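To keep things clear, I will list the structure first and then write my remarks on it.
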Amino acid sequence: MLPKVYDPLPVEDKWSEIWQNEKLFISSADRARKPFVIVLPPPNITGALHMGHALNNVLQDSLVRYQRMTGKEAYWVPGTDHGGIATQNVMEKMLKAEGRTKEDLGREKFLERMWAWYADCGGAILNQLRKLGCALDTGKDNVRFTMDAKRAAAVFEAFSALWKKGLIYRGERMINWCTRCGTALSDIEVEYEEEKSKLWHIHYPAADGSKGLTVATTRPETMLGDTAVAVNPEDDRYKALIGGKLKLPLTDRVIPVIADAEVDKAFGTGAVKVTPAHDPADFEIGRRHGLEILRVIDFAGKMTNCPDKYRGKSVQAARKEVVEDLKAGEFLEKEEHYRHSVNKCYRCSQHIEPLVSEQWFVKMKDLAAPAIKAAESEEVKFYPASWKKPFTEWLNKIQDWCISRQIWWGHRIPVWYCKTCSTAGLRFSAAGELSRVSFKGGAKPLVSFTKPGKCPACGGADLVQDPDVLDTWFSSALWPFSVFGWPEKTGELDYYYPTSVLVTGYEILYLWVARMVMSGIEHMGGPPFSYVYVHGIVRDKHGKKMSKSLGNVIDPLSMTGKYGTDAMRFTLLSQAAGGRDIPFSEEALIGGRNFVNKIYNVSRFIMMNLPENSGVIALDEKQLGALKVSGALDLADEWILERYARALDEVKACMADYDIGNAVSAVYRFLWDDFCDWYLELAKPRLETTDKARTLGLILHIFGGTLKALHPFMPYVTEELFSGLKAYTGSDKPFLLKETYPEGGASGGTADADMRKLMGVITQIRTLRAQFEIPPARTVKTLITSSDKSALELLKKHESYISRLARTADMEIAPGLAKPARSVSALSDAFNIYVPLEGMIDLEKEKARIAKETEKLGCELALCEGKLKNGDFISRAAKTEVDRVVLRKADAENKLKRLESILKDLT
RNA sequence: GCGCGGUUAGCUCAGCGGUAGAGCGCCUCUCUUACACAGAGGAUGUCACAGGUUCAAAUCCUGUACCGCGCACCA
């Protein structure tokens with residue numbers, strides 16, 4: 001005897017292993033079939049997968065499996081991402097726990113550790129993806145890594161091509177510097193957070209001893225690097241001072257007052273201290289006016305180039321001291337409370353220092369233009385479409401991309417320098433490693449994948465590589481074609497590129513998606529995918545972002561362990577609609593688990609009824625067709641086939657729109673509401689008769705098809721149950737993924753309408769029973785009458801449905817039946833239903849029921865009458881609508897009349 | 001400041017021009033031989049607010065409020 005409750009774990013372990021061993025998910029460039037390709041957004045090898053990954057992967061898996069079953073050569077390309085700064089940070093933390101730093105190890109040893117970590121963590125991630133049921137082949141030769149040899153070749157090719165086109169350059173610019181990570185970041189890697197702070201008003205006296213002026217700042221410590229004060233040229237308060245000199249407090253420097261139209265007269269005091277080295281806006285002012293760039297904060301976030309007392313102090317400490325000293329010197333006019341946003345590193349949340357530094361950049365304007373066009377023309381189409389605008393707007397405002405990172409883990413910049421020729425431009429650390437390069441100092445770049453044999457200028461062989469690595473997103477940007485071996489012209493590349501759809505969260509739309517589109521167009525001549533399915537973020541149940549510090553992280557694997565993978569997939573998918581964020585709670589998984597159990601129990605029910613060794617009994621399409629033609633099918637059979645077809649049609653329509661959530665719930669509703677609650681209940685008695693084989697055949701046909709239909713969404717339970725029924729369904733395919741997705745093609749016959757009539761009657765009788773507290777086990781006598789003879793015939797013909805599902809006995813179905821005394825009544829369509837209840841009847845209760853019903857119908861009638869009296873409605877509304885209202889009115893009138901007569905008889 | 005999304009049953013959300021829906025929760029009855037992770041029945045909403053368009057508005061338009069998220073500026 002099968003257990004009553006489904007146990008997912010052994011099933012999942014079994015199938016995930018079999019699927020991998022059988023190489024079920026591998027794809028070959030089969031030119032006879034249309035490809036459907038998704039490249040997996042490669043997870044960073046920073047640790048375990050989180051809920052967001054689970055959602056992302058479950059969505060992709062559903063698409064891939066569905067497309068595979070509808071006949072496409074579906075391929076989901078797996079891989080992992082080295083994850084640059086994020087992963088290096090993980091390693092640094094581990095080293096810290098050992099009491100060491102990466103410098104203790106040195107670059108080479110550190111990288112060895114990183115590769116060992118990749119082997120562990122990368123493997124673990126693939127394992128987790130397998131557990132989620134992902135149709136990814138995780139075999140060694142199929143899994144890519146953003147830093148493996150082929151991807152390294154792609155990175156070099158891209159860098160070199162952009163360099164040759166003059167799109168990559170090295171320059172001194174204002175960049176975002178994370179003092180904790182010790183590296184430059186691109187503009188989109190900075191996050192902003194509102195913080196309470198102060199606005200300090202500082203008086204700068206004039207150099208000649210006159211009054212001077214007052215500036216307002218949120219960063220007093222940067223005054224040590226001021227090289228001017230700017231005012232608006234139209235500002236009458238300061239016009240006289242323009243061109244004059246000010247004495248910079250706390251220093252012995254004198255700085256000019258300059259006029260710049262960008263200065264907002266209304267903000268603060270209307271006078272701006274200008275620190276070109278440490279503020280992007282000031283940098284621009286400095287550039288316009290040829291101001292000196294005086295760096296007072298170094299790469300470690302410590303003060304430098306300033307009076308001794310501040311030197312070497314942190315920015316925070318210096319700020320405090322500077323404010324105190326200003327106060328002591330009576331330069332501080334006031335302190336205002338002020339809220340403003342501070343820049344934070346997206347990887348470590350520490351403050352970002354804007355500083356001027358020499359870095360590698362990619363010129364973006366020319367690359368962005370065709371990408372904007374692709375989005376606007378919908379060559380690349382977004383789901384939901386609302387992402388198109390932010391996407392193009394971001395590209396329109398794009399700035400050059402800082403691609404160099406001062407970390408060790410990543411693709412080393414493929415640029416070499418001759419020690420002899422470039423001495424002035426190179427700086428070495430104490431350990432003898434090249435630590436910084438300056439083109440301003442004369443370093444001459446040689447772009448090469450491997451170390452060049454000799455310097456083309458002096459013939460010397462002493463060449464060193466640029467110490468920096470590339471932004472991790474540089475290699476990610478190439479992913480949709482690097483995975484297929486680009487720049488080699490491989491068969492895979494030719495067959496699979498461009499890919500079909502990219503599934504990703506909106507948080508990396510600019511970091512990743514935009515850059516893939518640009519690189520695809522630049523290097524491959526066309527966008528890397530035609531659709532971008534943008535999903536939301538999985539949040540906690542209060543809508544808060546899950547984070548370790550908040551302690552609200554839900555681990556997907558512990559959830560699948562507790563509720564089963566299929567349950568979690570179902571829950572995520574049904575909530576994923578519309579690309580919005582998903583508030584996720586453990587309780588939500590219960591619904592999914594219950595559904596899985598329901599499916600399992602259908603199978604269990606079927607198994608219990610199957611004759612042993614019967615061979616194939618499921619009906620195929622041909623047999624069904626024949627039965628239909630010969631009229632051998634019962635109304636319920638016709639009905640369930642119609643509902644089944646309609647559900648499948650809905651799935652098809654939804655999937656075409658990437659509306660996976662609604663596709664799943666269409667099958668859910670069909671299986672649970674139609675198939676289980678009505679059809680199986682009606683089929684039960686027939687399983688005791690000579691109709692058994694035919695009924696079982698139909699059940700197997702539909703249930704087998706439903707399992708196929710559900711398989712893309714809930715792969716494990718469907719595979720397990722389908723395989724258990726194979727001997728009876730006659731399937732010759734080893735796996736559901738090899739089956740053809742069932743087709744709908746609902747015909748719109750009369751079965752549904754007829755069945756609705758019966759269901760209405762049944763529901764009414766059930767309601768009466770419940771309201772008059774008739775024990776479920778007890779049968780009741782029931783009379784059904786109507787003036788509609790053909791409708792009565794329908795009931796008469798299917799009397800057994802009613803007696804079975806409403807537990808009636810001695811039913812009388814005939815026209816003109818009088819309401820028996822001491823009976824309760826209900827209306828359904830054209831039917832009057834009477835249930836005699838000697839002794840049990842509560843007259844007042846029945847009267848109240850009928851009164852309530854009468855009131856409802858009265859409202860309905862009034863509504864219809866109101867509409868029909870309205871001349872505008874008659875003349876302007878669609879004719880079908882007017883007809884409908886006329887019918888509704890007639891129906892309400894008719895029912896009211898019947899109720900009235902029932903009430904009269906009620907004594 | 002600009003933009004995007006949200007505001008519907010206690011909770012989470014679907015519906016997006018023709019009589020308010022689902023799941024969970026709640027109440028009543030039932031361990032009826034697939035399933036109590038179930039079945040049957042029930043209660044519950046001026047669809048944020050104000051205008052407008054329309055014969056008809058939760059649904060379209062405009063504005064307001066509140067919530068969330070981007071982007072920019074914040075000296």
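Everything numeric here is computed off the predicted structure, so don't read it as measured data. Per chain, numbering begins at 1; letters A, B, ... match sequence-line order.
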What nucleotide, of [options], holds the atom closest to the side chain of [X]?
| X | options | answer |
| --- | --- | --- |
| A/Arg876 | B/A34, B/C55, B/C37 | B/C55 |
| A/Trp672 | B/A38, B/U19, B/A34 | B/A38 |
| A/Thr767 | B/A34, B/G41, B/C37 | B/G41 |
| A/Phe873 | B/A75, B/C55, B/A34 | B/C55 |
| A/Pro776 | B/G41, B/A34, B/U30 | B/U30 |
| A/Gln771 | B/A75, B/G3, B/G42 | B/G42 |

Paired with [N]: which nucleotide, if any, by Watson-Crick or G-U wobble criteria at under 3.5 Å for both distances?
| N | result |
| --- | --- |
| B/A57 | none |
| B/A50 | B/U62 |
| B/C2 | B/G70 |

Glycosidic class, syn or anti, of B/U59 using a 90° window around 0: anti
Verdict with reasoning, A/Lys397 to A/Glu393, per salt bridge (Lys or Arg N to Asp or Glu O under 4.0 Å): CA-CA 6 Å; A/Lys397 283 187 290 196; A/Glu393 275 180 2; 5.4 Å; no
Say we look at [N] and [M]: how far apart would their [atom1] atoms be, to the nearest angstrom?
| N | M | atom1 | value |
| --- | --- | --- | --- |
| B/G3 | B/C13 | P | 26 Å |
| B/A9 | B/C47 | C1' | 10 Å |
| B/A56 | B/A20 | C1' | 16 Å |

Aromatic ring pairing A/Phe391/A/Phe382, orientation class (parallel under 30°, perpendicular over 60°, tilted between):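 Plane angle between 30° and 60°, so tilted.
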Under 3.5 Å donor-acceptor pair, A/Lys598 side-chain atoms to B/C35 base atoms: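 Checked by distance alone, the answer is yes.
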Aromatic centroids of A/Phe713 and A/Phe570 separated by under 6.0 Å: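 So the answer is no for these two rings.
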